[in-house]
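Just so you know, residue 1 is the first one in the sequence shown, and it goes up from there.
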Amino acid sequence: MVHSSRPARPAMLGQNQYGKAENRVVRITRDGDTHHIKDLNVSVALSGDLEEVHLSGSNAHCLPTDTTKNTVYAFAKEHGIESAEQFGIHLARHFVTSQEPIHRARIRIEEYGWERIETSEANAKFIGADEVRHSFVRKGQETRLTQITYDGERWQVISGLKDLVVMNSTNSEFWGYIKDKYTTLKEAYDRILATEVSGRWRFNWTDDDQRMPNWERSYAQVKKHLLDAFAETYSLSLQQTLYQMGSRIINNRAEIDEVRFSLPNKHHFLVDLEPFGLKNDTPDSAVYYAADRPYGLIEATVLRDGVEAEIPMDLTNL
């Protein structure tokens, strides 16, 4: 047996952070009889001068995670929730500037959308109001996301969305690809193109001296541009569609420098109906099998010229 003559090196503490994750906060704003909802899932992560809490167990520099939870709810009441981004900025600034040991705060927020329930005029009169202003139905299109990071000097704001399912029932092809002895896929000159969009975009607002974007308008416009690009691109590949979505955002939204998409190809395969004496894919209709897995996964970043990428390649935890 060979023994090393080198002395053992001590273990070193690496990157660390702590905080309260997934604080569910719902704020109802009452504008007379008309109510408005902001529904967030807020996660706080703090880092800084925290070696001793790991090495000796001293909590002298440790702000309890319960306190971070309480701060989220108190800020929702004191400051309101103008937007997910603005709320995260308030929280990040507070933790870094009010606690000397805390040098960096990262706030991650999911926002769930609600829309007002439209009611008939007769029913509205029945309950004694011109219209129902306090009833809502949860939107199912997508979950809005943002991550705010602050170190006392520089801001990084990465916003986005997930679970946005889109489909083009035509105007998509896929052919001319590499073929080897394992290739069985037939070339397609008219196919369904469907995906579940997971996207992030990074703002070039990094300093308090800069003019802050209009977060709500920016989100609405980014979503519009990516949907328009998806719908208007005659697609020869999902990669081509992804690039068109990203470049449309970069070219139309000056406040954004970087966009990253992760797009699973939600495959739809024509069903063989010949055994039943039926011809599928006729001019009037076609029947498809929607496969959930395995799926092609297309991922890429689109950047403004001259800009370095900062959005992580793996969006799993972002």
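- The same ILVMFWY cluster, assembled from side-chain heavy atoms under 4.5 Å apart, contains both Ile28 and Phe136.
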Trace of the side chain to side chain contact (heavy atoms under 4.5 Å, CB included) decision for Ile249 with Phe261: CA-CA 12 Å; Ile249 294 168; Phe261 286 116; 3.9 Å; yes
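- Here the side chain of Gln86 pairs no donor or acceptor atom with the backbone of Ser83 at under 3.5 angstrom.
- In terms of heavy-atom proximity, Ala84 sits nearest to Glu111 at CB-OE1, 3.7 Å.
- Annotation for Pro264 and Glu196: closest pair CD-O, 3.2 Å, computed over non-hydrogen atoms.
- Cation-pi check for Lys179 over Tyr177 is met; the charged atom lies under 6.0 angstrom from the ring centroid and within 45 degrees of its normal.
- Looking at heavy atoms from C-beta onward, His103 lies in side-chain contact with Asp49 at the 4.5 angstrom threshold.
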Verdict with supporting geometry, Leu193 and Thr195, side chain to side chain contact (heavy atoms under 4.5 Å, CB included): CA-CA 7 Å; Leu193 182 69; Thr195 187; over 6 Å; no
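- Within a 6.0 Å sphere centred on CE of Met313, heavy atoms belonging to other residues, nucleotides or ligands number 12 at most.
- With Lys38 as reference, Glu216 is the one residue of Glu82, Glu216, Glu110 to meet the salt bridge (Lys or Arg N to Asp or Glu O under 4.0 Å) rule.
- Once rounded to the nearest 0.5 Å, the distance linking CZ of Arg253 with CZ of Arg304 reads 10.5 Å.
- Rounded to the nearest 0.5 angstrom, Glu274 CD and Lys279 NZ are separated by 6.5 Å.
- When side chains are defined from C-beta on, Val53 does not count as touching His61, because their heavy atoms never get closer than 4.5 Å.
- Summarising the geometry of His90 relative to Phe75, their closest heavy-atom pair is O-CE2, 3.7 Å, with the distance given to 0.1 Å.
- For the pair Asn171 (side chain) and Asn168 (backbone), a donor-acceptor distance under 3.5 Å is absent.
- At a threshold of 4.5 Å between side-chain heavy atoms, the hydrophobic network of Ile, Leu, Val, Met, Phe, Trp and Tyr places Ile250 and Tyr243 in one connected group.
- Side-chain N or O atoms of Gln239 include none that pairs as donor or acceptor with a backbone N or O of Ile298 at under 3.5 Å.
- Under the 4.5 Å side-chain heavy-atom criterion for grouping Ile, Leu, Val, Met, Phe, Trp and Tyr, Ile192 is not connected to Leu227 through any hydrophobic cluster.
- Between Trp215 and Phe203, the distance from one ring center to the other falls under 6.0 angstrom.
- Residue Leu161 is tested with Val222, Leu226, Thr146 for a side-chain contact (heavy atoms from CB on, under 4.5 Å); the sole match is Leu226.
- For the atom pair CD1 of Ile256 and OG of Ser159, the computed distance is 8.0 Å after rounding to the nearest 0.5 Å.
- Counting only distance, with no hydrogens or angles, the side chain of Asp190 and the backbone of Ala188 share no donor-acceptor pair below 3.5 Å.
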Val42 vs Leu91, side chain to side chain contact (heavy atoms under 4.5 Å, CB included): CA-CA, chis, key distance, verdict: CA-CA 10 Å; Val42 182; Leu91 287 169; 4.0 Å; yes
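- The shortest non-hydrogen separation linking Ser98 to His94 is OG-O, 2.5 Å.
- Taking the side chain as every heavy atom from C-beta outward, Glu187 and Glu173 never approach each other to under 4.5 Å.
- Distance check, rounded to the nearest 0.5 Å: CG of Asn70 to CG of Asp66 gives 4.5 Å.
- Just one residue in the list Arg144, Arg217, Arg108 forms a salt bridge (Lys or Arg N to Asp or Glu O under 4.0 Å) with Glu85, and that residue is Arg144.
- Taking the six-membered ring where the residue is Trp, Tyr219 and Trp201 present tilted rings, their angle falling between 30° and 60°.
- A donor atom on one side chain and an acceptor atom on the other are found under 3.5 Å apart for Asp180 and Thr183.
- His54 is not listed as a side-chain neighbour of Tyr18, based on a closest heavy-atom distance of 4.5 Å or more.
- In plain terms, the two heavy atoms of Phe87 and Ile109 that are nearest each other are CD2-CD1, 4.3 Å.
- Electrostatic pairing of Glu255 and Arg211 does not count as a salt bridge here, judged by no charged N lying under 4.0 Å from a carboxylate O.
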Side chain to side chain contact (heavy atoms under 4.5 Å, CB included) evaluation trace for Leu303 with Asp257: CA-CA 6 Å; Leu303 297 159; Asp257 276 355; over 6 Å; no
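- Residues Ile89 and Trp205 are in side-chain contact: their nearest non-hydrogen atoms beyond the backbone lie under 4.5 Å apart.
- You'll find the side chain of Asp208 reaches within 4.5 Å of the side chain of Arg93, heavy atoms only.
- Two different hydrophobic clusters hold Leu145 and Met245 under the rule that ILVMFWY side chains link at heavy-atom gaps under 4.5 Å.
- Between Tyr73 atom OH and Arg27 atom CZ the span is 14.5 Å, to the nearest 0.5 Å.
- In this structure a side-chain-to-backbone donor-acceptor pair under 3.5 Å is present from Arg116 to Arg133.
- If you check the side chains of Ser262 and Arg260, you find no donor sitting under 3.5 Å from an acceptor.
- Criterion: ILVMFWY side-chain heavy atoms under 4.5 Å apart, direct or through other members. Under it, Tyr288 and Phe174 are not part of a common hydrophobic cluster.
- No donor-acceptor pair closer than 3.5 Å links the side chain of Asn280 to the backbone N or O of Leu273.
- With hydrogens and angles disregarded, a donor-acceptor distance shorter than 3.5 Å links the side chain of Glu258 to the backbone of Glu310.
- Remark: Arg202 does not engage Glu308 in a salt bridge, criterion side-chain N to carboxylate O under 4.0 Å.
- Using a 4.5 Å cut-off on side-chain heavy atoms (C-beta onward), Val96 and Asp151 make no contact.
- With contacts defined as side-chain heavy-atom distances shorter than 4.5 Å, the pair Thr71/Phe95 qualifies.
- Residue Glu142 holds its CD atom at 3.5 Å from NZ of Lys223, rounded to the nearest 0.5 Å.
- Gln240 contributes no side-chain N or O that, together with a main-chain N or O of Thr233, makes up a donor-acceptor pair within less than 3.5 Å.
- No side-chain donor from either of Thr206 and Arg154 sits under 3.5 Å from a side-chain acceptor of the other.
- Pairing each heavy atom of Ile81 with each of Ala76, the nearest pair is CD1-CB, 4.2 Å.
- Other residues, nucleotides and ligands place more than 12 heavy atoms under 6.0 Å from the CZ atom of Arg138.
- Using a 30° and 60° split on the angle between ring planes, Tyr289 and Phe269 fall in the parallel class, below 30°.
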